[in-house]
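Remember, it's a predicted structure, so these values are computed and weren't measured experimentally.
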Amino acid sequence: MTTIPDNLQVVRDRMARACDRSGRDVNEVTLLAVSKTFGPQAVVEAVGAGQQAFGENYVQEGVDKLLTVREILPAGSVAPVWHCIGPLQSNKTRLVASHFDWVQSVDRLKIAQRLSEQRPAGLPPLQVCIQVNADGGVNKSGVAPDGLPALADAVAALPSLSLRGLMSIPDPVEGFGAQRAAFLRVRDLYDMLRARGHALDTLSMGMSDDLEAAVDAGATMVRVGRAIFGNRG
Ligand SMILES: *Cc1c(COP(=O)(O)O)cnc(C)c1O
């Protein structure tokens with residue numbers, strides 16, 4: 001039986017080796033622990049092992065969990081930072097704006113406008129990544145590359161959002177080279193937006209099975225679930 005702290009160490013070691021091979025500084029890459037379907041206690045264990053950033057896909061599950069975690073975390077723990085990484089519906093934007101620190105799955109302006117309007121005045125701006133569908137699958141979430149520049153310009157202008165970068169989930173492919181090629185398409189879009197004047201610092205791509213290729217292609221955040229918490233039911 002491996003434990004969450006053991007698994008976290010294995011993932012950190014993978015990230016360090018990947019950075020080493022790719023000539024990158026390990027401090028440039030943040031680990032987002034994807035805790036969807038796992039309970040608050042799993043998050044508390046991960047926090048105890050030094051993990052700070054957590055990702056949730058399902059809004060209501062995530063809000064319930066983050067409120068519980070806040071109550072049960074031992075005194076003196078570092079406060080977790082919560083990222084919403086799942087598909088967003090209009091009727092959930094108020095919950096997201098009220099409780100999360102980041103949203104990585106913004107893929108249309110209407111959702112971004114609602115998040116900005118609904119962000120409570122006392123909180124810092126909601127940190128946002130735009131989800132891009134870089135390989136063009138028709139049934140996937142994410143803005144198509146064609147629509148990305150206009151969406152980024154509009155999101156960046158919203159008062160209660162801070163545009164930080166891009167998130168992408170390329171179609172799964174086998175092998176480092178093919179994975180890397182898919183991630184490089186996302187990296188090109190990120191570079192394009194930076195050349196357009198957006199001060200971005202977050203390129204969120206890579207999961208349990210392909211984080212090495214993502215790091216090689218320039219990811220600054222990898223989103224890892226199963227390799228930390230185990231298989232989901
Ligand atoms: C579930 C999920 C992950 C984590 O995937 P694993 O394969 O468990 O590492 C990362 N990103 C998103 C958007 C997810 O939905």
Side-chain angles (χ1 to χ4, degrees), residues 32 34 36 53-63 66 81-121 123-172 182-207 214 218-223 225:
L32 181 72
V34 179
K36 64 180 176 207
F54 293 87
E56 289 288 333
N57 280 59
Y58 312 105
V59 173
Q60 189 64 57
E61 176 195 332
V63 170
L66 69 85
V81 176
W82 292 93
H83 296 238
C84 177
I85 61 174
L88 292 170
Q89 290 160 335
S90 293
N91 62 355
K92 293 282 164 53
T93 52
R94 187 177 297 280
L95 268 178
V96 173
S98 303
H99 293 286
F100 282 86
D101 303 295
W102 285 66
V103 185
Q104 299 197 12
S105 41
V106 169
D107 64 358
R108 54 198 193 277
L109 184 56
K110 181 174 168 232
I111 292 287
Q113 285 167 332
R114 289 175 66 92
L115 290 168
S116 184
E117 280 160 17
Q118 294 169 345
R119 182 68 167 171
L123 296 180
L126 190 56
Q127 309 298 302
V128 169
C129 290
I130 293 175
Q131 182 174 354
V132 63
N133 175 4
D135 38 30
V138 282
N139 292 319
K140 287 177 51 181
S141 305
V143 64
D146 282 355
L148 178 60
L151 180 59
D153 293 355
V155 169
L158 291 170
S160 298
L161 305 185
S162 175
L163 179 61
R164 299 292 295 271
L166 295 181
M167 186 272 268
S168 195
I169 316 170
D171 292 333
F183 289 130
L184 282 175
R185 283 196 285 278
V186 185
R187 165 70 184 272
D188 283 346
L189 295 168
Y190 179 75
D191 289 342
M192 177 272 291
L193 291 181
R194 300 222 306 179
R196 208 177 155 80
H198 291 290
L200 307 181
D201 62 6
T202 305
L203 182 54
S204 171
M205 55 186 193
M207 312 196 286
T220 70
M221 187 178 292
V222 293
R223 307 180 309 272

- Message: Tell me whether Asp171 contacts the main-chain N or O of Asp135 through its side chain, where contact means a donor paired with an acceptor under 3.5 Å.
- Response: no
- Message: Restricting to non-hydrogen atoms, name the atom on Val128 and the atom on Val155 that form the minimum distance, rounded to 0.1 Å.
- Response: CG1-CG1, 4.2 Å
- Task: Let me know which of Leu32, Val222, Ile169, Val34 forms a side-chain contact (heavy atoms from CB on, under 4.5 Å) with Met207.
- Result: Ile169
- Message: Taking Ser160's backbone N and O only, do any of them form a donor-acceptor pair with Ser116's side chain (distance below 3.5 Å, no angle check)?
- Response: yes
- Message: Tell me whether Arg108 at atom CZ has more than 12 heavy atoms from other residues, nucleotides or ligands lying less than 6.0 Å away.
- Response: yes
- Establish, yes or no, whether a centroid distance under 6.0 Å links the rings of Phe100 and Trp82. no
- Approximate separation, where rounding is to 0.5 Å, of Gln104 CD and Met221 CE: 5.5 Å
- Item | Nearest non-hydrogen partners of Asp107 and Val143, listed with the distance | CB-N, 3.7 Å
- Item | Contact summary for Asn133 and Ser141, nearest pair of heavy atoms | CB-O, 3.6 Å
- For Gly218 and Arg187, which heavy atoms make the closest approach, and how far apart are they? CA-NH1, 3.6 Å
- Task: Mind listing the closest non-hydrogen atom pair of Ile85 and Met167 along with its distance?
- Result: O-CE, 3.7 Å
- When rounded to the nearest 0.5 angstrom, what is the spacing between CG in Asp101 and CG in Leu123? 8.5 Å
- Task: Look at the side chain of Ser105 and the backbone N and O of Gln131, then say whether any donor-acceptor pair between them is shorter than 3.5 Å.
- Result: no
- Take Ile111 and Gln89, measure what side-chain contact (heavy atoms from CB on, under 4.5 Å) needs, and give me the verdict at the end. CA-CA 8 Å; Ile111 292 287; Gln89 290 160 335; 5.9 Å; no
- Say you draw a straight line from CG of Leu203 to CG of Asp191; how long is it, rounded to the nearest 0.5 Å? 8.0 Å
- Message: Going by side chain to side chain donor-acceptor pair (under 3.5 Å), name the residues that satisfy it together with Glu117, two or more places apart in sequence or in a different chain.
- Response: none
- Note on the structure: One should read off an interatomic distance between Gln127 CD and His83 NE2, to the nearest 0.5 angstrom, of 9.0 Å
- Correct closest heavy-atom pair for Arg119 and Ala97 would be NH1-O, 2.8 Å
- How about Thr93 and Arg114: does a side-chain donor come under 3.5 Å of a side-chain acceptor? yes
- Quick one: pull up CG in Asp201 and OH in Tyr190 and give me the separation to the nearest 0.5 Å. 6.0 Å
- dist Phe183:CZ -> Asp188:CG (nearest 0.5 Å) comes out at 14.0 Å
